[in-house]
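Working notes for the structure below.
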Amino acid sequence: PNGKTRRYLQGGNVDGALVVSHHAGDHDLAELNATMPVVFGGRPTIDGLGRCYYVDVDNLDGAAQATQHLVDRGCRRIGTITGPQDMPASADRLLGWRATMAAAGLPNHRVAHGDFTIESGAAGIRSLLAQPGERLDGVFVANDLMARGALLVLAEQGLSVPGDVALVGYDDSPVATSARPALTTVSQPSIAMGARMARTLLDLLADRRVYHASVMKTSLVIRDTA
């Protein structure tokens, strides 16, 4: 949080906080966690934070499900477009893709790094398509917005999805159903995750026993792109 927000939170105006979309190196959060109950959405990797409370989804398994689905379709030249690597969720999704590719005996050098925006998804797929050697035939994209950008570029280049390139996104956001073709994607229980974060914080405020980590399952939603 910025200085003004931090001063407000630590000024006795709130009893606790829910923190989402944090990055490695957000050192102010360590100070915040030391002064009030804090529950993080996603596993934090902040230096000096120590033991903290968080609710996360199994991003490793979600990425593995997505990648395995591409493998099971017969894809053998599978790339990935990652999210920011200073976010644990993004790092875990890349690790899940790498592990699944390794288990399938497939090369895992087709990597493009994005920032969760449509524009970075478009840039990422252009980068993957420009790599030397045989063209990729599948791609796991670390969120639906980037997958939407990738779809636009594939259409521009006259490549059919999933005929030429199969594609799986992540989030099962409204973008997934509004895209054409509709995105096959990994669904994470966002509403249930938010509810569990709130319950965890209320339990902390009531001095009830709380597990430090709560990890929720994801599921693959198959639509039209893979």
Side-chain angles (χ1 to χ4, degrees), residues 1-2 5-6 9-10 14-69 80 82-103 113-116 140-146 168-173 176 185-221:
N2 61 35
T5 302
R6 188 175 65 255
L9 291 172
Q10 294 176 324
V14 299
D15 296 319
L18 303 176
V19 178
V20 297
S21 193
H22 44 87
H23 298 252
D26 285 341
H27 301 293
D28 289 343
L29 296 177
E31 181 181 347
L32 182 63
N33 186 68
T35 59
M36 69 176 66
V38 175
V39 179
F40 292 86
R43 185 185 77 254
T45 57
I46 302 163
D47 293 340
L49 191 61
R51 288 180 62 81
C52 59
Y53 298 89
Y54 67 88
V55 178
D56 202 0
V57 296
D58 193 339
N59 287 290
L60 277 166
D61 183 64
Q65 290 183 63
T67 309
Q68 188 62 50
H69 180 66
T80 188
T82 78
Q85 290 301 288
D86 65 344
M87 298 183 73
S90 298
D92 284 352
R93 291 171 199 179
L94 176 58
L95 286 174
W97 174 81
R98 287 194 186 280
T100 306
M101 295 291 285
H113 295 290
D115 61 8
F116 284 154
F140 164 56
V141 189
N143 83 333
D144 291 342
L145 273 176
M146 293 192 300
V168 182
Y170 202 109
D171 285 337
D172 197 21
S173 67
T185 185
V186 177
S187 177
Q188 50 185 351
S190 301
I191 294 174
M193 183 177 175
R196 189 170 295 184
M197 288 174 65
R199 286 197 301 271
T200 300
L201 182 58
L202 290 173
D203 286 342
L204 286 171
L205 292 170
D207 290 325
R208 289 189 284 265
R209 182 183 177 185
V210 178
Y211 290 107
H212 282 271
S214 180
V215 180
M216 306 180 75
K217 288 292 185 182
T218 61
S219 59
L220 186 67
V221 179

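Here the structure is a predicted model, which is why all the values come from computation and not from measurement.
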Of all the heavy-atom pairs spanning [X] and [Y], show the shortest one and how long it is.
{"X": "P84", "Y": "S90", "value": "O-CB, 2.9 Å"}
{"X": "F140", "Y": "G169", "value": "CE1-O, 4.0 Å"}
{"X": "A176", "Y": "T185", "value": "CB-CG2, 4.0 Å"}
{"X": "M197", "Y": "V39", "value": "CE-O, 3.8 Å"}
{"X": "G83", "Y": "F116", "value": "CA-CE2, 3.5 Å"}
{"X": "G96", "Y": "L60", "value": "N-CD2, 3.5 Å"}

Does a side-chain heavy-atom distance below 4.5 Å link [X] with [Y]?
{"X": "Q68", "Y": "L220", "answer": "no"}
{"X": "D15", "Y": "M36", "answer": "no"}
{"X": "Y53", "Y": "P37", "answer": "no"}

Keeping the roles fixed (side chain from D144, backbone from Y170), state whether a donor-acceptor pair exists under 3.5 Å.
yes
What distance do [X] atom [atom1] and [Y] atom [atom2] have between them, rounded to the nearest 0.5 Å?
{"X": "M216", "Y": "D58", "atom1": "CE", "atom2": "CG", "answer": "11.5 Å"}
{"X": "M193", "Y": "Q188", "atom1": "CE", "atom2": "CD", "answer": "7.0 Å"}
{"X": "D172", "Y": "T218", "atom1": "CG", "atom2": "OG1", "answer": "11.0 Å"}

Only pairs at least two apart or in different chains count here, so list each salt bridge (Lys or Arg N to Asp or Glu O under 4.0 Å) that has a residue in residues 201-210.
D203-R208
Let me know which of N143, N59, T80, T67 forms a side-chain hydrogen bond (donor to acceptor under 3.5 Å, both in side chains) with R93.
N59
